[in-house]
2 protein chains.
Amino acid sequence: MRLSQYFLPTLKETPSEAQIVSHRLMLRAGMIRQSSAGIYSWLPLGFRVMKKIEQIVREEQNAIGVHEMLMPTIQPADLWRQSGRYDSYGPEMLRITDRHDRDMLYGPTNEEQITEIFRDAVKSYRDLPQHLYHIQWKFRDEVRPRFGVMRGREFLMKDAYSFDLDFEAAKTTYNKQFVAYLKTFKRMGLTAIPMQAESGPIGGDMSHEFVILAVTGESEIACHRDFLDNDWLDNIDLEGDLQVVVNAFTDKYAATDERRDPEIEKTLGDDLVVARGIEVGHIFYFGKKYSETMGAVVTGPNGEDVTVEMGSYGIGVSRLVGGIIEASHDDDGIIWPQSVAPFQAGLINLKPGDSACDEACEALYQKLIDAGVDVLMDDRDARAGAKFADMDLIGLPWQVVVGPKGLKDGIVEVKNRATGERQEVTPEDAVKKLAG
Amino acid sequence: MRLSQYFLPTLKETPSEAQIVSHRLMLRAGMIRQSSAGIYSWLPLGFRVMKKIEQIVREEQNAIGVHEMLMPTIQPADLWRQSGRYDSYGPEMLRITDRHDRDMLYGPTNEEQITEIFRDAVKSYRDLPQHLYHIQWKFRDEVRPRFGVMRGREFLMKDAYSFDLDFEAAKTTYNKQFVAYLKTFKRMGLTAIPMQAESGPIGGDMSHEFVILAVTGESEIACHRDFLDNDWLDNIDLEGDLQVVVNAFTDKYAATDERRDPEIEKTLGDDLVVARGIEVGHIFYFGKKYSETMGAVVTGPNGEDVTVEMGSYGIGVSRLVGGIIEASHDDDGIIWPQSVAPFQAGLINLKPGDSACDEACEALYQKLIDAGVDVLMDDRDARAGAKFADMDLIGLPWQVVVGPKGLKDGIVEVKNRATGERQEVTPEDAVKKLAG
């Protein structure tokens with residue numbers, strides 16, 4: 001992509017309304033613009049990141065056999081009256097009346113809708129388990145939306161729903177999502193820690209929040225040091241016994257602020273890590289809460305009626321864009337992990353109009369593209385300082401700087417955004433380095 | 001994909017509420033379920049088709065240098081007050097009041113929103129042209145939503161918006177979209193005909209509807225026979241002079257029902273084609289309509305203020321799912337063009353439980369996947385007749401039928417869904433045929 005033809009309105013000033021670093025950086029890096037309180041437009045750079053995150057979430061859901069579908073944003077109130085939630089849900093629900101005075105709502109979640117679809121289609125235990133997800137915009141009318149996309153009113157979420165015949169089957173499904181979540185966040189360059197969460201009316205321990213570590217995180221958490229090493233996750237066989245994996249995580253101490261236990265922490269000694277975190281996902285087994293009220297019943301193996309066991313599994317996709325920035329930035333801007341970076345490399349032409357620079361940049365641009373490197377070339381007629389600042393701000397993993405001085409010696413500079421390390425190499429070696 | 005583990009609730013009966021063939025077939029093939037009037041959930045099979053269509057649209061927009069972004073579904077009323085459309089838009093606009101009693105709306109289109117984003121970011125003619133698109137759900141509160149996804153209330157649309165310095169530049173942009181649209185629809189196996197449309201207050205001829213031909217189409221159209229041959233579109237150089245291409249299409253007679261001209265039609269003789277069609281896209285140059293009222297002004301080359309020239313370019317993505325079915329089906333069900341088929345092939349195991357059949361199917365299933373063929377294997381314990389009917393109904397381009405009799409002779413049957421042609425071949429040749 002040529003920056004001169006791209007839509008990337010970066011800001012020099014820090015917008016006054018932004019209270020947290022991800023919000024500031026997303027506005028400054030031209031990733032988003034506010035449309036109204038808690039509602040954002042995603043400009044091309046921000047959109048690219050969100051799509052990469054969405055795709056990782058999708059691939060890991062597909063890997064455990066969940067099927068993608070799409071439920072609409074607008075739901076009928078009558079559906080929520082079946083579960084009793086239309087009246088009990090607070091003012092966060094955006095209630096709508098259509099032209100025929102029918103009560104509708106902008107879905108904050110989809111348990112009712114998926115239960116209706118399941119109930120009307122699945123009649124026999126032979127068609128279980130069912131496990132479906134969608135990645136769809138949702139709305140929660142926050143009273144004071146703040147913190148940019150970290151707590152927006154309109155937000156993109158992956159929510160999966162499972163239907164099983166009995167508790168044992170539901171537990172197997174839960175474990176699949178548990179492991180898929182660990183893998184999903186790891187692929188985004190994050191350390192995610194599953195934390196026991198409130199289990200709701202049915203009790204039990206099958207409810208976990210996934211919290212990623214970030215110095216600027218919203219809340220304090222404590223956990224065993226072992227959680228910081230998740231390299232072994234790469235080798236998990238998804239067809240194997242996942243209970244072992246789940247146990248390896250749940251046997252160790254990990255607690256959100258309100259659930260910390262000083263007694264246990266004393267025994268941990270040097271193994272105790274206290275850090276700040278951001279919740280980015282939640283998996284939840286809720287048994288028959290919706291299937292009972294809404295009549296999601298199948299015929300069991302012996303001809304009897306069985307009310308199915310359900311769970312739901314959410315990941316905040318748009319929230320993660322902000323969450324990753326909170327976890328990975330410095331004073332100069334964002335530092336994107338490779339897997340979610342909007343482009344892999346930035347190519348800075350220090351002197352557009354200088355024929356040697358222009359030719360070298362064009363050649364390098366083409367070679368990088370040919371080598372499969374997604375590159376953003378700064379070919380704007382602007383000061384070198386502004387180009388360096390913008391490139392650091394938008395945080396692409398690699399920068400290649402092409403200037404007249406270096407070219408005389410046949411070299412360009414390659415900078416690693418995360419480490420700050422710079423190397424002077426030939427254009428050929430720059431391509432090799434970035435393509436490798 | 002194994003059908004036994006998929007969520008594909010096909011229906012034997014034709015739902016009584018469905019008045020047109022695409023609606024009937026989408027319900028029967030388990031592609032969609034109605035959530036409320038004019039609002040649908042996309043089940044996994046339907047979702048796959050919509051995603052394929054969306055991806056073709058995306059690729060052809062990217063190919064002409066339009067940048068993808070994403071605007072939110074909920075917009076503030078104040079934005080529409082700037083253009084004057086908040087009051088003039090009819091009851092099709094879904095008006096919403098949030099918890100703080102602010103007037104909001106579910107966007108039926110995004111001219112105001114993109115103009116605001118452009119206006120706040122772009123200040124100089126040097127940053128023109130700008131050309132952006134998004135693929136987002138929109139809402140139009142139809143008084144009597146009918147015809148399934150062909151005229152839903154919540155619908156997915158690609159809408160692009162362009163900003164140019166003057167009319168000549170705007171025309172160049174318009175021509176790019178004109179050609180991109182022809183290529184987009186052709187890739188979906190459709191014959192799309194650009195039809196001069198109402199140009200609105202500013203006059204001129206830069207407004208075209210794109211109508212695809214379908215025997216069950218919603219309206220009658222007439223055109224020159226040459227429009228039926230669009231093979232030469234594959235060889236267009238997008239960097240070349242597109243005016244020639246646009247002229248080749250616009251010089252020939254093509255008219256929607258209300259604009260037909262009996263005089264011209266008389267002169268066409270055998271070259272006249274009268275057919276039924278479905279509108280699936282609309283491109284529209286509207287000059288300064290929004291830029292003037294909303295103040296989208298840049299500094300021109302001589303320091304003067306220039307109000308920018310705009311156009312918008314829409315494609316009904318969810319509507320196309322129905323449109324393609326209207327254009328491609330028979331009495332037994334859907335006939336998917338290869339490029340948008342949810343799977344490339346269906347593999348029917350006629351006798352699950354028979355070890356020869358099971359083994360042959362498993363082997364064939366793996367080989368097809370290894371050869372890059374997206375295959376849906378019907379491994380359900382069901383009658384052969386039901387399997388044949390379902391496979392014809394969901395309309396995958398190829399069917400491979402594996403039964404005990406054929407296997408004794410080392411053969412399987414390959415059926416082409418579109419032509420009905422059947423061939424008995426070895427499993428190896430079946431793989432070659434489908435992978436080729």
Side-chain angles (χ1 to χ4, degrees), chain A residues 1 4-7 9 30 33 35-37 39-44 46-48 50-51 65 67-76 78-79 91-92 94-100 102 104 106 113-114 116-118 120-122 126-127 129-132 134 136-137 139 141 143 153-154 381, chain B residues 1 4-7 9 30 33 35-37 39-44 46-48 50-51 65 67-76 78-79 91-92 94-100 102 104 106 113-114 116-118 120-122 126-127 129-132 134 136-137 139 141 143 153-154 381:
Chain A
M1 188 66 68
S4 63
Q5 295 169 21
Y6 202 46
F7 186 68
R33 284 295 178 266
S35 169
S36 60
I39 304 182
Y40 296 89
S41 286
W42 293 77
L43 307 190
F47 179 76
R48 276 184 169 245
M50 188 162 61
K51 276 282 154 180
H67 301 307
E68 189 166 8
M69 62 176 302
L70 191 65
M71 290 175 269
T73 60
I74 302 295
Q75 304 180 25
D78 279 345
L79 187 58
E92 282 75 29
L94 187 66
R95 293 157 206 265
I96 299 171
T97 308
D98 75 5
R99 67 189 289 173
H100 295 300
R102 281 176 297 220
M104 314 287 286
Y106 198 123
Q113 193 143 41
I114 194 72
E116 179 186 51
I117 291 168
F118 171 89
D120 294 348
V122 179
R126 278 190 226 94
D127 295 325
Q130 288 292 346
H131 202 174
L132 297 154
H134 74 158
Q136 177 63 294
W137 290 90
F139 204 94
D141 202 357
V143 63
R153 290 201 289 169
E154 188 169 328
D381 182 18
Chain B
M1 187 67 67
S4 63
Q5 294 169 20
Y6 202 46
F7 185 68
R33 284 296 178 266
S35 169
S36 60
I39 304 182
Y40 296 89
S41 285
W42 293 77
L43 307 190
F47 179 76
R48 276 184 168 244
M50 187 162 61
K51 276 281 152 181
H67 302 306
E68 188 167 8
M69 61 177 303
L70 191 64
M71 289 175 270
T73 61
I74 302 296
Q75 303 180 24
D78 279 343
L79 187 60
E92 281 76 28
L94 187 65
R95 292 158 207 263
I96 299 171
T97 308
D98 75 4
R99 66 188 291 174
H100 295 300
R102 282 176 296 221
M104 314 286 288
Y106 198 123
Q113 193 144 40
I114 194 74
E116 179 187 52
I117 290 168
F118 172 88
D120 294 348
V122 179
R126 280 190 227 91
D127 296 326
Q130 288 293 345
H131 202 172
L132 297 154
H134 74 159
Q136 177 63 295
W137 290 91
F139 204 95
D141 203 358
V143 62
R153 291 201 289 169
E154 187 170 329
D381 182 18

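Within every chain, numbering begins at 1; the chains are lettered A, B, ... in the order of the sequence lines, protein sequences first and strands thereafter.
Of the atoms belonging to Ile96(B), it is side-chain heavy atoms, and not backbone ones, that fall under 4.5 Å from chain A. Using a 4.5 Å cut-off between heavy atoms, Phe7(B) contacts chain A through both its backbone and its side chain. Phe139(B) touches chain A through its side chain: at least one heavy atom from C-beta onward sits under 4.5 Å away, while N, CA, C and O do not. The part of Gln113(B) that comes within reach of chain A is its side chain, from C-beta onward, which places non-hydrogen atoms under 4.5 angstrom from that chain. Of the atoms belonging to Arg126(B), not a single heavy atom falls under 4.5 Å from chain A. For a residue to count as touching a neighbouring chain, one of its non-hydrogen atoms must lie under 4.5 Å from one of that chain's; by this rule Ser4(B) does not touch chain A. With a threshold of 4.5 angstrom between heavy atoms, Val143(B) approaches chain A through its backbone and through its side chain.
Considering only heavy-atom pairs separated by less than 4.5 Å from chain A, the leading option among Leu94(B), Ile114(B), Ile74(B), Leu79(B) is Ile74(B). Per-residue counts of heavy-atom pairs under 4.5 Å with chain B were compared for Glu92(A), Arg48(A), Glu116(A); the largest is that of Glu92(A). Your options are Val122(A), Asp141(A), Leu132(A), Asp120(A), and the one with the most heavy-atom pairs under 4.5 Å with chain B is Asp141(A).
The aromatic rings of Tyr106(B) and Tyr106(A) sit parallel, their planes meeting at an angle under 30°, below the 60° perpendicular limit.
Between the side chain of His67(B) and the backbone N or O of Gln5(A), at least one donor-acceptor pair lies under 3.5 Å.
Residue Ser41(A) comes nearest to Met71(B) through the heavy atom pair OG-CG, 3.6 Å, listed as atom of the first residue, atom of the second, then distance.
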